[in-house]
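Input: a single structure, listed below in structure tokens.
Everything numeric in this text was worked out from a predicted model, so none of it was measured.
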Amino acid sequence: MKIRFRNIMILLVLFVGGSSCDSFLDVQPKGEVLEGDLLKDAKGFENALYGVYAKMGTAGLYGQNLSYYALDLMAQYYTSSNNEEAEPLMLYDYKNTKVEDRFYNIWCEMYSNIAYANNVLEHLEHFSPSDMQFYNIYKGEALGLRGFMHFALLRIFSEQITENEGADGIPYSTRFSLFAPDMLKAKDVYKRIVADLKSAEQLLDDEELYASASSNANFLKDQNIHFNLQAVQATLARVYLTEGVLDSALYYARQVIQTPGLSLLDYTEITGDMAGKLSSKETVFGIYSKSFAEPVIKVLHNSQTAYSLEMRYNIQQLYQVDGIGNDYRWSAWYTYNDVTKKWKLDKLTDSYVLNNNENSRPAGQIRGINMIRLSEMYYIAAESALKLGHYDQALDYFNELLESRGLVALDERTPAETLTIDKITDDRYKEFVGEGQSFYHMKRLNLDILNVEGKIIPADKKVYVVDIPSQEFEFRR
């Protein structure tokens, strides 16, 4: 069926369950209840925002496709001899029916969730900060999430803007409406993303409000599972870097790096820190999820199933290089399978779920998906500073990250090494395995890609741009 924004408005009431583009029938009464009863007080708005977060954590979005699966297959991290869905992604065969269906669902599910954020924002228009203590927080989180989700779609379905300033973009949905918004140029989508994020930044930058909140204000607890001020600033750093506005990218990356309470992990903390949970030190923004662990075990930990993935042929050589130190990430994140004779990624494997030992989980540990981590801000700061000509500053950021991972600083090696964009790229690739970020980085720099067979895939629009689902244009005729 055709993608219809009217249908998306209706199906969004299924946000916690498994919504899809053809599951909209007979749910309108629930939509009316949502309109009239839920969004009328603080508790209703909080529940509504929890719903947006929950939908982001489903398998169709960041629970699988946009974290360790589709985008990481496109980044050439894995091989699979049995998985018929994996091969066309690795080959960038976006015309393959299974691939088309996968990105069709990503498009639908993300826009349905954007619609729900818009519903929150529209209902907030009937209130003011005097009506609800955390009014600005509700509005700031909803605006920030709207910008974040549009940016995710833009990075998948549009050309890299620094390669084509006139690139076509996507619709930017700002109303809970029955009508589809216009298709925009990418540059105009960027303007709207930044506007939403800047508005969110102003609303969430209120230390007094957080400080004055009662200890019983549950909505403000565990801020790393909220799209908080640092999440907004980190996303602005991402957006500006992708757009090529390097001074702003550097500024916002530094803002996050300097946030009290956030710090890079040390060697004693790398092991298991992202294994199905959020880091209390490095997670800038994550999604609480109890359903994330089991699919990870099925796909990444288990072997010889129709769904299992093994690591690319040279993964060990990427981490174990003589003379640069002992990369803690290698021993912490990978295990060798004696049956397949291949390496498996256990970076995301929750050992408590794997061993059916939930009762032993430490108190306060939050199960979930790491969406933005502090290490990314160090890479952004290093790259931006380097391109801006601030070499010493760039080197400092990159060295601090290297040393936290057990590696020797570039200028302390024998012989000393010079910081380059290639070095940043190589380390980023190691750092973000399983997190869906590397394909975006390759696309942003228009890099040739070394595939899992050791062959070079030249940078090309056909590789880096997924077609907007054809149904969207059929509806607009």
Side-chain angles (χ1 to χ4, degrees), residues 15-16 46-59 61-64 66-68 113 134 137-138 140-141 144-145 148 204 210 213-235 256 259-266 268-297 300-301 332-333 345-377 431-437:
F15 58 88
V16 177
E46 291 173 9
N47 286 336
L49 285 167
Y50 287 139
V52 177
Y53 290 120
K55 179 61 180 176
M56 291 176 73
T58 57
L61 296 177
Y62 293 96
Q64 189 173 80
L66 301 182
S67 55
Y68 63 86
N113 212 29
F134 304 137
I137 295 175
Y138 306 148
E141 289 191 17
L145 287 167
F148 181 93
L204 296 172
Y210 286 95
S214 166
S215 60
N216 295 323
N218 289 328
F219 187 74
L220 298 192
K221 295 179 179 178
D222 300 319
Q223 274 294 295
N224 61 357
I225 60 171
H226 288 264
F227 205 77
N228 58 25
L229 175 62
Q230 286 69 46
V232 170
Q233 293 173 332
T235 304
V256 180
T259 300
L262 289 175
S263 62
L264 293 170
L265 301 172
D266 62 32
T268 65
E269 300 164 320
I270 291 288
T271 302
D273 192 78
M274 282 168 285
K277 74 181 186 71
L278 307 183
S279 168
S280 60
K281 294 174 66 174
E282 274 200 13
T283 300
V284 178
F285 170 49
I287 293 176
Y288 171 70
S289 175
K290 287 186 176 181
S291 62
F292 183 62
E294 290 186 5
V296 167
I297 292 169
L300 297 180
H301 177 83
W333 294 351
L345 179 67
D346 269 346
K347 176 185 182 182
L348 308 180
T349 300
D350 188 328
S351 61
Y352 299 100
V353 175
L354 178 67
N355 299 318
N356 194 25
N357 193 23
E358 189 63 35
N359 292 334
S360 298
R361 187 182 299 276
Q365 189 179 98
I366 301 175
R367 295 173 60 177
I369 308 160
N370 284 280
M371 301 284 287
I372 307 175
R373 291 191 295 112
L374 182 63
S375 58
E376 183 181 354
M377 298 300 106
E431 177 74 13
F432 293 116
V433 57
E435 298 185 55
Q437 292 300 315

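Side-chain atoms of M56 and M371, non-hydrogen and from C-beta on, do get closer than 4.5 Å to each other. Looking only at side-chain heavy atoms (C-beta outward), L145 and F285 come within less than 4.5 Å of each other. Two residues are said to be in side-chain contact when any heavy atoms from C-beta on lie closer than 4.5 Å; Y210 and L220 meet this criterion. When side chains are defined from C-beta on, Q223 does not count as touching Q230, because their heavy atoms never get closer than 4.5 Å. The shortest side-chain heavy-atom distance between T235 and F227 falls under the 4.5 Å cut-off. Side-chain atoms of Q365 and Y352, non-hydrogen and from C-beta on, do get closer than 4.5 Å to each other. The side-chain heavy atoms of F134 and E46, taken from C-beta on, include a pair separated by under 4.5 Å. Under the 4.5 Å side-chain criterion, counting only non-hydrogen atoms from C-beta, L264 is not in contact with K281.
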Steps toward side-chain contact (heavy atoms from CB on, under 4.5 Å) verdict (R367, E358): CA-CA 11 Å; R367 295 173 60 177; E358 189 63 35; 3.5 Å; yes
Stepwise side-chain contact (heavy atoms from CB on, under 4.5 Å) check, I287 with F292: CA-CA 10 Å; I287 293 176; F292 183 62; over 6 Å; no
CA sep, side-chain torsions, deciding dist, call: F219, Y50, ring-ring contact (aromatic ring centres under 6.0 Å, His included): CA-CA 9 Å; F219 187 74; Y50 287 139; 5.5 Å; yes
Step-by-step side-chain contact (heavy atoms from CB on, under 4.5 Å) determination, L49 to Y138: CA-CA 8 Å; L49 285 167; Y138 306 148; 4.0 Å; yes
Stepwise side-chain contact (heavy atoms from CB on, under 4.5 Å) check, E282 with E269: CA-CA 10 Å; E282 274 200 13; E269 300 164 320; over 6 Å; no
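Within the model, atoms OG1 of T259 and CG of L374 stand 8.0 Å from one another, a figure rounded to the nearest 0.5 Å. In this structure, CG on L66 lies 13.5 Å from CD on E435, to the nearest 0.5 angstrom. The CD1 atom of I225 lies 12.0 Å from the CD1 atom of I369; values are rounded to the nearest 0.5 Å. A distance of 11.0 Å separates CD1 of I372 from CD of Q233, quoted to the nearest 0.5 Å. Remark: L278 CG to I366 CD1 distance equals 5.5 Å, nearest 0.5 Å.
Residue D350 is tested with K277, K290, R361 for a salt bridge (charged side-chain N to carboxylate O under 4.0 Å, His left out); the sole match is R361.
S67 places a side-chain N or O within 3.5 Å of a backbone atom of Q64 that can act as its donor or acceptor partner. Side chain of N113 to main chain of V52: a donor-acceptor pair is present (N/O by atom type, distance under 3.5 Å, no hydrogens or angles). Side-chain atoms of K347 come within 3.5 Å of backbone N or O of V433 as a donor-acceptor pair. A donor-acceptor pair under 3.5 Å is absent between the side-chain atoms of T349 and the main chain of A275, judged by distance alone.
Between N224 and S279 the shortest heavy-atom distance is ND2-O, 3.6 Å. The two residues Y68 and L300 make their nearest non-hydrogen contact at CD1-CD1, 3.9 Å. In terms of heavy atoms, L262 sits closest to V284 at CD1-CG2, 4.2 Å. The minimum heavy-atom distance between G57 and S289, with the atom names listed, is O-OG, 4.4 Å. In terms of heavy-atom proximity, V353 sits nearest to A293 at CG2-CB, 3.8 Å. When all heavy atoms are compared, the tightest approach of E431 to S375 is OE2-OG, 3.0 Å.
When the shell of 6.0 Å around CG of N355 is examined, it contains more than 12 heavy atoms from other residues, nucleotides or ligands.
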